[in-house]
Amino acid sequence: MELQIDYLGYAEKVHITNNAPGDRLWRYFYAFICDYIPASVVAYSEWSISFPWRYFISIKGYVGYFITAHREQLSVKFSDHAKLMMKVANDNSYATSLGLSHRSEQEIQERLCSAKFVRHLTDNQMHNLKKISQLPGAATFSVPGAGKTTEALERV
């Protein structure tokens, strides 16, 4: 089954269509979506599903998991407009995170203690964590032995 994902600007909705009306996987996909958002906002038919774009952005990771889990049976195509709107949403999320103030050392220490984290952070690790702890995703590149694992464990 092929899914086509589009953004309907006039309605600010995602519109997902399939090329196999009546397929059982399509009904599973609809039920899956309704596990994460109110069914009352979802318009469903045998060939399309539509709901507000803001909901799609909030569950896009879960939709990705569904697609990956069924990759043998599913292919997905995004319209250019949907790709653009997803990029805008990702850019806005990252820009918002960058604009937030960094977490304080005390906040990080409290979080570590509550998680029963016993490793002691170096000054460099604490500096990095203050910056990356507010981001939706982050990477740290250092020489071997610099403490990347410790930073990653704290981030989780």
Side-chain angles (χ1 to χ4, degrees), residues 1-103 107-108 110-112 114-117 119 125 128-142 144 147-156:
M1 179 171 64
E2 180 180 291
L3 299 181
Q4 174 71 35
I5 300 177
D6 195 10
Y7 171 74
L8 304 177
Y10 64 89
E12 295 185 0
K13 291 186 174 192
V14 65
H15 185 71
I16 306 169
T17 57
N18 77 83
N19 66 344
D23 190 294
R24 185 178 355 173
L25 188 57
W26 178 248
R27 290 188 299 275
Y28 288 157
F29 182 60
Y30 167 69
F32 179 83
I33 287 170
C34 291
D35 283 344
Y36 294 96
I37 64 174
S40 61
V41 301
V42 182
Y44 171 80
S45 75
E46 288 296 314
W47 61 88
S48 72
I49 297 172
S50 297
F51 53 92
W53 182 256
R54 67 181 181 277
Y55 284 107
F56 178 72
I57 291 301
S58 70
I59 67 166
K60 67 182 170 133
Y62 297 112
V63 171
Y65 295 144
F66 183 92
I67 291 166
T68 299
H70 298 92
R71 67 181 160 265
E72 299 296 323
Q73 302 147 305
L74 274 178
S75 65
V76 180
K77 291 186 179 176
F78 287 86
S79 70
D80 289 341
H81 202 186
K83 287 178 190 176
L84 174 65
M85 293 307 293
M86 287 183 63
K87 181 178 180 340
V88 167
N90 288 339
D91 290 351
N92 287 343
S93 173
Y94 188 75
T96 299
S97 296
L98 286 177
L100 296 173
S101 61
H102 295 215
R103 284 204 170 109
E107 286 177 285
I108 291 173
E110 288 171 0
R111 185 172 174 197
L112 291 172
S114 70
K116 300 190 184 348
F117 191 85
R119 291 185 185 182
Q125 289 170 325
N128 288 345
L129 285 172
K130 285 179 187 178
K131 289 165 76 174
I132 68 173
S133 64
Q134 296 289 67
L135 299 175
T140 181
F141 302 94
S142 301
K148 296 177 295 294
T149 302
T150 300
E151 288 178 13
L153 289 172
E154 191 287 327
R155 177 90 165 95
V156 174

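Between atom CG of residue Asp6 and atom CE of residue Met85 there is a gap of 11.5 Å, rounded to the nearest 0.5 Å. The distance from atom OG of Ser75 to atom CG of Asn18, rounded to the nearest 0.5 Å, is 10.5 Å. The structure places CH2 of Trp26 at 7.0 Å from OH of Tyr44, a figure rounded to the nearest 0.5 Å. Atom OG1 of Thr68 sits about 6.5 Å away from atom CZ of Arg71, to the nearest 0.5 Å. In this structure, OH in Tyr30 is found 10.5 Å from CG in Asp35, a value given to the nearest 0.5 Å. Note that the CD atom of Gln4 and the NE2 atom of His15 stand 9.5 Å from one another [nearest 0.5 Å].
Between Phe56 and Lys13 there is no side-chain heavy-atom pair separated by less than 4.5 Å. Residues Ile57 and Arg54 are not in side-chain contact: their nearest non-hydrogen atoms beyond the backbone lie 4.5 Å or more apart.
Listed by chain and number, the residues in a salt bridge (charged side-chain N to carboxylate O under 4.0 Å, His left out) with Glu2 are Lys77 (sequence neighbours excluded). Leu25 is linked by a side-chain contact (heavy atoms from CB on, under 4.5 Å) to Met1, Asp23, Tyr28, Phe66, His70, Gln73, Leu74, counting only residues two or more places apart in sequence or in another chain. Partners of Tyr7 according to the ring-ring contact (aromatic ring centres under 6.0 Å, His included) rule, which considers only residues two or more places apart in sequence or in another chain, are Trp53, His81.
The two atoms that bring Val42 and Cys34 nearest to each other are CG2-SG, 4.3 Å, heavy atoms only.
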Handout entry: side-chain contact (heavy atoms from CB on, under 4.5 Å) between Phe29 and Val63, worked out
Key = CA-CA 9 Å; Phe29 182 60; Val63 171; 4.1 Å; yes
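For the pairing with Ile5, the side chain to side chain contact (heavy atoms under 4.5 Å, CB included) check across Ile49, Ile16, Thr17 returns one residue only, Ile16.
Around the CD atom of Glu12, the shell of radius 6.0 Å holds no more than 12 heavy atoms that belong to other residues, nucleotides or ligands. Counting heavy atoms of neighbouring residues, nucleotides and ligands inside a 6.0 Å radius, atom OH of Tyr36 exceeds 12 of them.
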